Number of protein chains: 2
Amino acid sequence: MKFDDKVPIYYQIKNHLYHEMMTGQLAPGEKLPAVRQLAVDLTVNVNTVQRALGEMITEGIITSQRGKGNFVTTETPRITQLKEHLIMEQLERAYEQLHALNLSDEEIIASLKQYIAQRGQQDD
Amino acid sequence: MKFDDKVPIYYQIKNHLYHEMMTGQLAPGEKLPAVRQLAVDLTVNVNTVQRALGEMITEGIITSQRGKGNFVTTETPRITQLKEHLIMEQLERAYEQLHALNLSDEEIIASLKQYIAQRGQQDD
DNA sequence: TACAGTGTACTAGTAAAATATAACACTAGG
DNA sequence: CCTAGTGTTATATTTTACTAGTACACTGTA
């Protein structure tokens, strides 16, 4: 996996797993790949995976069962809530950054629309 | 100044200065505060400031004159170009993140509009 | 009981970022 | 020539993220 060297890898792993949960690739209650397997898949060290999982466990978004594995929480509201939180986080950061670049609210929306339109022409 | 400990400080300083240039707080040709003064203002080390400035000099967005100071480039097209680049960077990152959270193009635009509307009700 | 698969914990080492401190080089003004 | 203000460079130290390697603890199954 490719990582942005401006952000800690463990943090990017968290987001990677979040995304898999949001897109349903990891359903509620489902077992995550073993930590050693994740380490291989992501080409990182077990400890780095563990650090990411450790925070997610603290957040209550996954649960750990020694000898069995790590599992996505079955409390779906928790997942929904996390998704809302992640979306708001992205919107807030993007808005503030663009606002700081001296763009008005209208310009921000317009530039996003234009970006998406432009992007649609090419690929994806 | 407050820094996000997920990103290198020198990188955040670059963005900080970029923003000041975009909003006109730092006009083309204008002299930047002395490196030692910047270090005090931002409560960081001179070398950290220097690292940020060094990259900006390499990028040609500021010029350095030993004994005099650092100055914003007078080549305004360069600044305009940088602004476009920074905007695109933000849009791309936000779009990709939201897209990864399973939001469609329409949902992305709608959620941004909603966020801005909601924000307008409160303050700023 | 044995064993394979799993999570957890610990120690040691490397690399990058940031700091503290100091020295050097140039400019402008007395 | 001297000095204050400026950019530039260098060394040593600390902190954090990451890696490597190992060992331990628990679960399920044969």
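Just so you know, these numbers come straight off a predicted model, no measurement behind them. Below, each value reflects all heavy atoms present in this structure, side chains not excepted, and no hydrogens, waters or symmetry copies.
- Distances from the side chain of N70(B) to the nucleotides dG7(D), dA17(D), dC26(D) place dG7(D) closest.
- Between N47(B) and L32(B), the residue anchored closer to the 5' end of DNA chain D is L32(B), taking for each the nucleotide with the nearest heavy atom.
- Within a 6.0 Å sphere centred on NZ of K6(B), heavy atoms belonging to other residues, nucleotides or ligands number more than 12.
- Heavy atoms of other residues, nucleotides or ligands lying less than 6.0 angstrom from CD of Q65(A) number more than 12.
- Between the P atom of dT8(D) and the CG atom of L38(B) lies a distance of 12 Å, rounded to the nearest Å.
- By the criterion of side-chain heavy atoms lying less than 4.5 angstrom apart, applied directly or through intervening Ile, Leu, Val, Met, Phe, Trp or Tyr residues, Y11(A) is not grouped with L17(A); the two fall into different hydrophobic clusters.
- Straight-line distance from the CD atom of E55(A) to the C1' atom of dA17(D): 12 Å, rounded to whole Å.
- Checking dT8(D), dT6(C), dT19(D) against every side-chain atom of Q50(B), the shortest atom distance belongs to dT8(D).
- Of all the heavy atoms in A52(B) and Y10(B), the pair that sits closest is CB-O, 3.4 Å.
- Comparing D5(A) and G67(A) along DNA chain C, the residue whose closest nucleotide (by nearest heavy atom) sits nearer the 5' end is G67(A).
- Straight-line distance from the CG atom of L42(A) to the P atom of dT19(D): 10 Å, rounded to whole Å.
- Between K14(B) and E59(B) a salt bridge is recorded (basic side-chain N to carboxylate O distance below 4.0 Å).
- Of the candidates dA20(D), dT6(C), dC26(D), the closest approach to any side-chain atom of R66(A) belongs to dC26(D).
- Between Q65(B) atom CD and dG5(D) atom C1' there is a gap of 14 Å when expressed in whole angstrom units.
- Protein atom CD1 of I57(B) is 10 Å distant from nucleotide atom C1' of dT8(D), rounded to whole Å.
- Protein atom CD1 of I9(B) is 14 Å distant from nucleotide atom C1' of dA20(C), rounded to whole Å.
- Across the protein-nucleic acid pair, Q37(B) atom CD and dT6(D) atom P stand 8 Å apart, rounded to whole Å.
- Proximity note for P8(A) (side chain, C-beta onward) versus dA25(D), dT6(D), dA17(D): the nearest is dA17(D).
- To the nearest angstrom, C1' of dT16(D) lies 20 Å from OH of Y11(B).
- For the pair R51(A) and dA17(D), the criterion of a side-chain N or O lying under 4.0 Å from OP1 or OP2 is met.
- T48(B) has no side-chain polar atom (N or O) that falls below the 4.0 Å cut-off from OP1 or OP2 of dA17(C).
- Phosphate contact (OP1/OP2 of dG7(C), side-chain N/O of K68(A), threshold under 4.0 Å): absent.
- Ranking dA17(D), dT8(D), dA20(C) by closeness to the V35(B) side chain, first place goes to dT8(D).
- A donor and an acceptor atom sit less than 3.5 Å apart, one in the side chain of R36(B) and one in the base of dG7(D).
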